[in-house]
Amino acid sequence: MEVRLARLEDMDGIKALLRKYHRDTISDEDRPDGFVTTAITDEQLAELIEKEKGVTIIAEQFDDGHDRVLGFCFAAPWEFWSVWPLFQHMIDIIPNYEFEGKKLVLGETYQYGPMCVDKSIRGTGAFEKLFFASLRQFSDRFPIMLTFVNQINKRSENAHTNKAHMETIGTFDFGDNHYFLMGIRTDRG
Ligand SMILES: CC(C)(COP(=O)(O)OP(=O)(O)OC[C@H]1O[C@@H](n2cnc3c(N)ncnc32)[C@H](O)[C@@H]1OP(=O)(O)O)[C@@H](O)C(=O)NCCC(=O)NCCS
């Protein structure tokens, strides 16, 4: 198993995992263990991989040289995310929140997520490895990482609180959904 930045040839594996655990395509059996809500086009995913260096994966390696993607997490500056309505909403409200006793400054933060780990390796430490590798990737550019977790996604809330040691900064609503706003200093990586 290897944790590394994604390359363009990993795109099919990332997309397959995203489809498996996306809210619109996930099986009823898997839904109670969490789902991803963000959709991404091939063009956006390629930009996230190549330009932003914002996709970290965990992959199983095979003797014939091909890798199977078993987990991924996305991360990028807000400029990248601003075309998604949910992220534009977060951009608008972030200055209203405080983290560690100081008002949040948008330019000092970036957005991580979605994160997805195949159920075959959940609860094995893969989540933490991916999470902290992604955090280190951005630590020289931003002091604070922010993310959102849907309040009905209890497994994700628990993983981000207990395993990633993220702090819940506040809550917010968008559309019919209720979210936690969570944060962590990038020097914790
Ligand atoms: C969310 C996710 C990345 C977490 O990774 P993971 O390997 O499952 O995380 P872990 O098993 O290490 O930790 C999960 C925690 O939730 C608990 N948990 C397990 N199943 C649960 C459930 N159905 N409901 C609530 N909590 C649950 C675990 O006991 C563990 O708690 P602990 O830290 O107190 O021990 C992974 O489950 C996943 O990819 N889910 C589908 C996609 C998703 O929801 N992504 C997040 C949205 S951005």
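Order of appearance sets the numbers: ligands from 1, and atoms from 1 within every ligand. Remember, predicted model here, so these are calculated numbers, not experimental data. Sequential numbering from 1 along the given sequence is applied to the chain's residues.
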**Q.** Set of side chain to side chain contact (heavy atoms under 4.5 Å, CB included) partners for D12, sequence neighbours left out
**A.** K15
Q) Is it the case that Y179 and H89 place a side-chain donor and acceptor less than 3.5 Å from each other? A) no
**Q.** Any residue meeting side chain to side chain contact (heavy atoms under 4.5 Å, CB included) with Q44, in chain and number order, not counting sequence neighbours
**A.** I40, T41, F80, V83, W84
Q: May I have the step-by-step check of salt bridge (charged side-chain N to carboxylate O under 4.0 Å, His left out) for K119 and E29, ending in yes or no?
A: CA-CA 11 Å; K119 66 178 183 180; E29 184 197 334; 3.1 Å; yes
**Q.** Partners meeting side chain to side chain donor-acceptor pair (under 3.5 Å) with N153 (sequence neighbours left out)
**A.** none
**Q.** R122 to Y21 six-membered ring, cation-pi geometry met (6.0 Å, 45°)
**A.** yes
Q. When you look for protein heavy atoms under 4.0 Å from ligand 1, which residues do they belong to?
A. P32, D33, G34, F35, V36, P114, M115, C116, V117, R122, G123, F127, N153, K154, R155, S156, N158, A159, N162, K163
